[in-house]
Amino acid sequence: MSLDTSRISLTFPDGNSRDYAAGVTPAEVAADISKSLAKKAISAKVDGQHWDLQWPIDADAKIAINTMADEAPALELIRHDLAHVMARAVQELWPDVKVTIGPVIKDGWYYDFDREEPFTPEDLGAIEKKMKEIINLRDPVRTEVWDRDRAIAYYKANGENYKVELVEAIPADQKIRMYWHGDWQDLCRGPHLQHTGQLPADAFKLMSVAGAYWRGDSNRPMLQRIYGVAFRNRDDLKAHLTMLEEAAKRDHRKLGREMDLFHMQEEAPGQVFWHPNGWTIYTTLQDYMRRKQRADGYVEVNTPQVVNRKLWEASGHWDNYGENMFIVEVEEDHAREKTVNALKPMNCPCHVQIFNVGTKSYRDLPLRMAEFGSCNRYEPSGALHGIMRVRGFTQDDAHIFCTADQIEAESAKFIEFLAGIYADLGFDKWRVKLSTRPEKRVGSDESWDKMEAALANACDMAGRPYEIFEGEGAFYAPKLEFVLTDAIGRDWQCGTLQLDPNLPERLDADYVGADGERHRPFMLHRAVLGSFERFIGMMIENFAGRLPMWLAPRQAVVASIVSDADDYVHEVVAALKAAGVRAEADIRNEKINYKVREHSLGKVPAILAVGMKEVEERTVSLRRLGENRTETVTLDQVVADLAAEGTPPDLR
RNA sequence: GCUGCUGUAGCUCAGUGGUAGAGCACUCCCUUGGUAAGGGAGAGGUCGACAGUUCAAUCCUGUCCAGCAGCACCA
């Protein structure tokens, strides 16, 4: 601690410290250490904060000088400064374009522009070229702190209305930093590189252009957003582009076609035509879920698809979600008015109807009511995506009717149930999000305290850490969401556990308590997979089509090498089928190479080739998907092995 | 829903103001081949739908439908 306020002490990562005049910049500190460091430096870490090399340091601090070797700050600065460089390139090419915002995102950045003409792919090439020119200029970066009025006046004079709005939105206690490289100016809090020449001209790429609302608000103007990706060097960029190609190869829409799982067509947008192969996956998964649910104390029900609007009015869906419901109107000659129904968008109101039949006792609770409920929602056209976001789908839905006291134990029980299923399905990376009370809500703070605590405690009981998402809960109650991470690192929110004191109230559900009085039950909405359509789509991409044997629609193909082996092929198929293996014969007049290629592309886990040698020895030549070696196995052995591997995990 | 792009054979894609082509898949023939495409022949299309411009539209214009990317949405 230096006593003289004009002197400060900076401590380096190695523990040594040096004194400097207050207001020293990291650039000066770096220069003080070595000439080469001064040149290589890109930014600093000052008391844990990412610090521009030009920002003065006014008090004692820990300091570390960053170079391109420090991955996180390097990528941050590269992507950030490329956003500025891109904005400058655009304005140099088209001076009338207005700039807005350009943040760093995963793998890169974007920048939103206001321009009448749409950007074309050719424009992106021209912008990239201009960006490289700007990088080569090695223009130093300069920042200044301005006062608000000056910044507003400046942007007004330049006609940059979006920037005016941004400046006005900056909280009064925050500095307004103005940024330049060359003569080009932007509003930016930084930090930044020393000069544009520090940017890797060969390690970025402009990817796409798309519309985006100003400030994310669909009532405001639509801007044009250009996306870019950037890395520290060319190899990293190439690796990223290769990864994108790999992800494209996993696309469930492409694999769905190649594996003959399903198709979709214009006449039924957002709805799936399941083919035999795809439906096998679906029913296999559903059978598994049904067994798991039964074992966990659920009863299964089934409820109507077409339900009169009266029920949706009572549940509140008609008012709140009417626009997203499929309406079915029926004209009846004898009726005074036409009957208006809606296809059910969710199952809960129907489940309450079942609950409401007869008088329920506290002894009936908790009542776990499950349905593989077919739902239809009129999703906005732009939201549809393969079988992942559809208008007709089936949830692995259930509602647990319980008392307030039972919420915690039921929630914990559900988390364990879900954990077992994710493990069976091959997902070991998943996390829990706890969404808490939003600003607009109903119910007292005490009741929110209790509900949030119940969910948090349930996570603790199940031994699962959770992240809190403040204000993300529904207006009536908090919820848990279960997010799993797939094989290529993408997150999918699948499971959910939503508390609900609201719907039992609206639909007047009650039970008789031990005290002989009527009480309102709580409802827990819960799902593990979410929807079968989405979950299967996600699994196809996760496994790149190579589903675990028990879920693979075609588990084995027995292929003849010569037609004299055909009879034996049929015998092998029959033996496999008898053992419960989904097996097919391929005795087409084609070479074995051709058959192997076709079934490999079809992602069949086991190809059993049979020639005269196998016929004589009563063996098969087994080739597993993804391997290019083969193995000779006796018929009995291969039947036993494939049957065992094809057994669902809960039946092993 | 919004912005942009796209829509030609089952799939992937060429192409033209004078009503169309390739490869693969499909059917048939030859071939019986030992682990990722053997050879030949044939069949297959209201060029997304509807209007308009034109002597003539798959091609140009408009509207609609669907798909793709992003945004917004996701009870």
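- If you measure from atom CD of A:Glu617 to atom C1' of B:G34, you get 13 Å, rounded to the nearest angstrom.
- For A:Arg377 against B:C74, no side-chain N or O and base N or O form a donor-acceptor pair under 3.5 Å.
- Taking every side-chain heavy atom of A:Ile592 into account, B:G34 is the closest of B:G67, B:G34, B:G33.
- The side chain of A:Asn593 has B:A37 as its nearest neighbour among B:C11, B:G70, B:A37.
- When both pairing distances are held under 3.5 Å, B:G33 makes no Watson-Crick or G-U pair with any nucleotide shown.
- In this structure, A:Arg220 does not reach the B:A72 phosphate: none of its side-chain N or O atoms is under 4.0 Å from OP1 or OP2.
- The nucleotide whose nearest atom lies closest to any side-chain atom of A:Arg597 is, among B:A36, B:G38, B:C71, B:A36.
- Nucleotide B:C26: paired with B:G42 (Watson-Crick or G-U wobble, both distances less than 3.5 Å).
- Among the nucleotides B:C71, B:A37, B:G34, the one closest to any side-chain atom of A:Tyr227 is B:C71.
- Map A:Glu614 and A:Pro380 each onto its nearest nucleotide of RNA chain B; the residue landing nearer the 5' end is A:Pro380.
- Each of A:Lys479, A:Arg441, A:Arg437 was compared with A:Glu452 under the salt bridge (charged side-chain N to carboxylate O under 4.0 Å, His left out) criterion, and only A:Arg437 meets it.
- Partners of A:Glu472 by side-chain hydrogen bond (donor to acceptor under 3.5 Å, both in side chains), not counting sequence neighbours: none found.
- B:G4: Watson-Crick or G-U partner is B:C68, with both key distances under 3.5 Å.
- The side-chain tip of A:Lys98 does not point at the ring of A:Tyr162 from less than 6.0 angstrom away and within 45° of straight on.
- Of the possible donor and acceptor atoms, one in the side chain of A:Asn356 sits under 3.5 Å from a partner among the backbone N and O of A:Leu507.
- Checked by distance alone, A:Arg215 brings no side-chain donor or acceptor within 3.5 Å of a matching partner on the base of B:C71.
- When the nucleotides B:C73, B:A66, B:G4 are ranked by their closest atom to the side chain of A:Pro269, B:A66 comes out on top.
- Here B:G4 presents its P atom at 8 Å from CD of A:Gln224, a figure rounded to the nearest Å.
- Taking atom P on both B:G15 and B:C55, the two are 29 Å apart, rounded to the nearest angstrom.
- Between the C1' atoms of B:C11 and B:U16, the separation comes to 23 Å (whole Å).
- Atom-to-atom, CD of A:Glu631 to C1' of B:G34 comes out at 16 Å; the value is rounded to the nearest Å.
- In terms of position on RNA chain B, the residue among A:Pro345 and A:Lys613 whose nearest nucleotide sits closer to the 5' end is A:Lys613.
- The shortest distance between the side-chain N/O atoms of A:Arg115 and the OP1/OP2 oxygens of B:U3 is not below 4.0 Å.
- Cation-pi contact between A:Arg115 and A:Phe119: present, with separation from the ring centre below 6.0 Å and deviation from the ring axis of at most 45°.
- The cationic atom of A:Arg391 (NZ for Lys, CZ for Arg) lies less than 6.0 Å from the six-membered ring centre of A:Tyr378 and within 45° of the ring axis.
- Comparing B:A36, B:G70, B:A75 by their nearest atom to the side chain of A:Arg623 picks out B:A36.
- Nucleotide B:A75 holds its P atom 17 Å from the CZ atom of A:Arg391, rounded to whole Å.
- Comparing B:G44 with B:A37, their P atoms sit 31 Å apart, to the nearest whole Å.
- With a cut-off of 3.5 Å on both pairing distances, B:U16 has no Watson-Crick or G-U wobble partner at all.
- Here A:Ser381 reaches the OP1 or OP2 of B:G1: one of its side-chain N or O atoms lies under 4.0 Å away.
- Nearest nucleotide to the side chain of A:Arg253, out of B:A69, B:A75, B:G70: B:A69.
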Between the protein and nucleotides 13-15 of chain B, which nitrogen or oxygen pairs come in under 3.5 angstrom?
none

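- B:U54 is unpaired under the Watson-Crick or G-U wobble criterion, no partner having all donor-acceptor distances under 3.5 Å.
- Nucleic acid contact class of A:Leu601 (heavy atoms, under 4.0 Å, all strands): base.
- Only the P atoms considered, B:U3 is 50 Å distant from B:G38, to the nearest whole Å.
- Using the six-membered ring where Trp is involved, A:Trp279 and A:Trp274 have ring planes that are tilted, between 30° and 60° apart.
- Computed from coordinates, the A:Glu267 CD to B:G48 P distance equals 15 Å when rounded to whole Å.
- The partner of B:A75 cannot be assigned: no Watson-Crick or G-U wobble pair with both contacts below 3.5 Å exists in any strand.
- Looking only at distances, no side-chain donor or acceptor of A:Glu541 sits under 3.5 Å from a matching main-chain atom of A:Gly537.
- Side-chain atoms of A:Ala383 lie closest to B:A72 of the nucleotides B:G34, B:A72, B:C65.
- Salt bridge status for A:Asp508 with A:Arg520: present, with a side-chain N to carboxylate O gap under 4.0 Å.
- If you check B:C71, B:A37, B:G33 against the side chain of A:Ile561, the one that comes closest is B:G33.
- Partners of A:Glu329 according to the side-chain hydrogen bond (donor to acceptor under 3.5 Å, both in side chains) rule, which considers only residues two or more places apart in sequence or in another chain, are A:Lys338.
- Contact annotation: side chain of A:Tyr213 to base of B:G1, donor-acceptor pair present below 3.5 Å.
- Regarding A:Glu590, its CD atom lies at a distance of 15 Å from the P atom of B:G34, rounded to whole Å.
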